Amino acid sequence: MEIQILDKQFSLFIPSENILNEVQVLAKKLEFDYKEKNPIFIIVLNGAFMFASDLLKCFRNSCDITFIKLSSYKGLSSVGTVRQQMGLMVDIQDRHVIIVEDIVDTGLTIESLIKNLENQNPTSIEICSLLFKPEAFKGNNPPKYNGFSIPNKFVVGYGLDYDEKGRNLKDLYQLKTE
Ligand code: 5GP
């Protein structure tokens, strides 16, 4: 199936059912690994909102949930600098932190966030990302919890946008290359 968003054509990449199956697997892993640990999930807005919602509905242990808003993308590519548009509102000292991301691409966003959070002395920090692009990754911390490793192509849907459009799509789409 193909769709048009603004000036670009996208084709169906990962259907909703496959996403939801994988999200359940991730939630069960987290439940097991963080038993009795009362972790705090930091959800990176905007892109991770849909993933986080499905993930946390399947995570049935005690936890806290908070949000942070970062951006490094404009259109189809990263601008390289990570801006924090909404900071962390809670104390994470001595807490087990799980960062929930939609996608780890170059890893710049996550590296800069981890550095920032480490200053606040949490007990541990791990990344849970729905998508990971290993070919684009330049960082030192690949996500410990990862749904799908995908090729280095722009994707949209399930929370991820193309110029703020397409976030509401329940499936994931990939940019069509001519
Ligand atoms: P990084 O800093 O790892 O290069 O990029 C992370 C952020 O860039 C993600 O949180 C996401 O907002 C955005 N991003 C990276 N790759 C894609 C992509 O293929 N599609 C969309 N829509 N956003 C992406």
Side-chain angles (χ1 to χ4, degrees), residues 8 10-34 39-59 65 67-84 96-118 122 124-162 166-167 169-177:
K8 298 271 184 283
F10 293 84
S11 27
L12 184 61
F13 180 44
I14 309 177
S16 162
E17 305 83 278
N18 298 19
I19 299 172
L20 292 175
N21 282 342
E22 190 56 39
V23 169
Q24 273 192 20
V25 172
L26 281 175
K28 293 299 138 205
K29 270 189 202 152
L30 290 167
E31 244 178 40
F32 182 81
D33 289 357
Y34 287 85
I40 178 161
F41 288 93
I42 301 183
I43 297 158
V44 183
L45 296 174
N46 293 327
F49 82 95
M50 206 175 272
F51 170 45
S53 161
D54 287 334
L55 181 78
L56 293 169
K57 274 184 267 181
C58 301
F59 182 90
I65 300 173
F67 301 88
I68 192 165
K69 187 167 178 178
L70 306 174
S71 94
S72 73
Y73 252 63
K74 209 168 171 44
L76 294 176
S77 56
S78 174
V79 292
T81 46
V82 181
R83 288 180 298 138
Q84 202 172 105
H96 291 281
V97 170
I98 304 165
I99 301 170
V100 182
E101 259 283 24
D102 51 357
I103 183 163
V104 175
D105 181 26
T106 61
L108 277 174
T109 307
I110 216 77
E111 297 278 307
S112 127
L113 178 59
I114 289 175
K115 248 187 221 145
N116 196 301
L117 297 178
E118 272 169 352
S124 69
I125 305 180
E126 294 294 352
I127 304 159
C128 177
S129 182
L130 178 69
L131 305 168
F132 177 46
K133 289 182 182 165
E135 293 157 32
F137 188 65
K138 297 188 186 117
N140 304 310
N141 300 294
K144 176 167 180 188
Y145 302 93
N146 173 40
F148 302 90
S149 290
I150 63 167
N152 194 6
K153 277 192 187 171
F154 190 80
V155 293
V156 75
Y158 198 68
L160 290 99
D161 73 309
Y162 168 46
R167 289 195 198 277
L169 297 164
K170 68 182 172 63
D171 308 296
L172 271 160
Y173 291 80
Q174 193 174 50
L175 181 68
K176 249 188 101 178
T177 35

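Side chains are part of it too, since the values below use all heavy atoms of this structure and drop only hydrogens, waters and symmetry mates. On a predicted model such as this, the values are computed, not experimentally measured, just so you know.
Side chains of I68 and I43 form no contact here, defined as non-hydrogen atoms less than 4.5 Å apart. Taking 4.5 Å as the limit, some side-chain heavy atom of C128 sits within range of a side-chain heavy atom of L30. In this structure the side chain of F137 reaches within 4.5 angstrom of the side chain of V104, judged on heavy atoms. Residues F67 and L45 have side chains in contact (heavy-atom distance under 4.5 Å, counting atoms from C-beta outward).
When every heavy atom of L160 is checked against every heavy atom of L172, the shortest pair comes out as CD1-CD2, 3.9 Å. Taking every heavy atom of both residues into account, D171 and S16 meet most closely at OD1-N, 2.6 Å. Taking both residues in full, the closest heavy atoms of N141 and I127 are given as O-CD1, 3.5 Å, listed atom of the first, atom of the second, then distance.
Taking the charged nitrogens against the carboxylate oxygens, K28 and E31 do have a contact shorter than 4.0 Å, which makes a salt bridge.
In this structure, F41 and F59 have perpendicular ring planes: the angle between them is above 60°, well past the 30° mark.
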Sequence neighbours excluded and cut-off under 3.5 Å, please list the side-chain donor-acceptor pairs for residues 144-154, or say none.
unit_1	atom_1	unit_2	atom_2	d
Y145	OH	D33	OD2	2.5
N146	ND2	S149	OG	3.1

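Under the 3.5 Å distance criterion, with hydrogens and angles disregarded, a donor-acceptor pair is assigned to the side chains of Y158 and D54.
Scanning for ring-ring contact (aromatic ring centres under 6.0 Å, His included) contacts around Y34 gives an empty result, with sequence neighbours left out.
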Is there a side-chain contact (heavy atoms from CB on, under 4.5 Å) between I65 and L56 once you walk through the steps? CA-CA 9 Å; I65 300 173; L56 293 169; 3.6 Å; yes
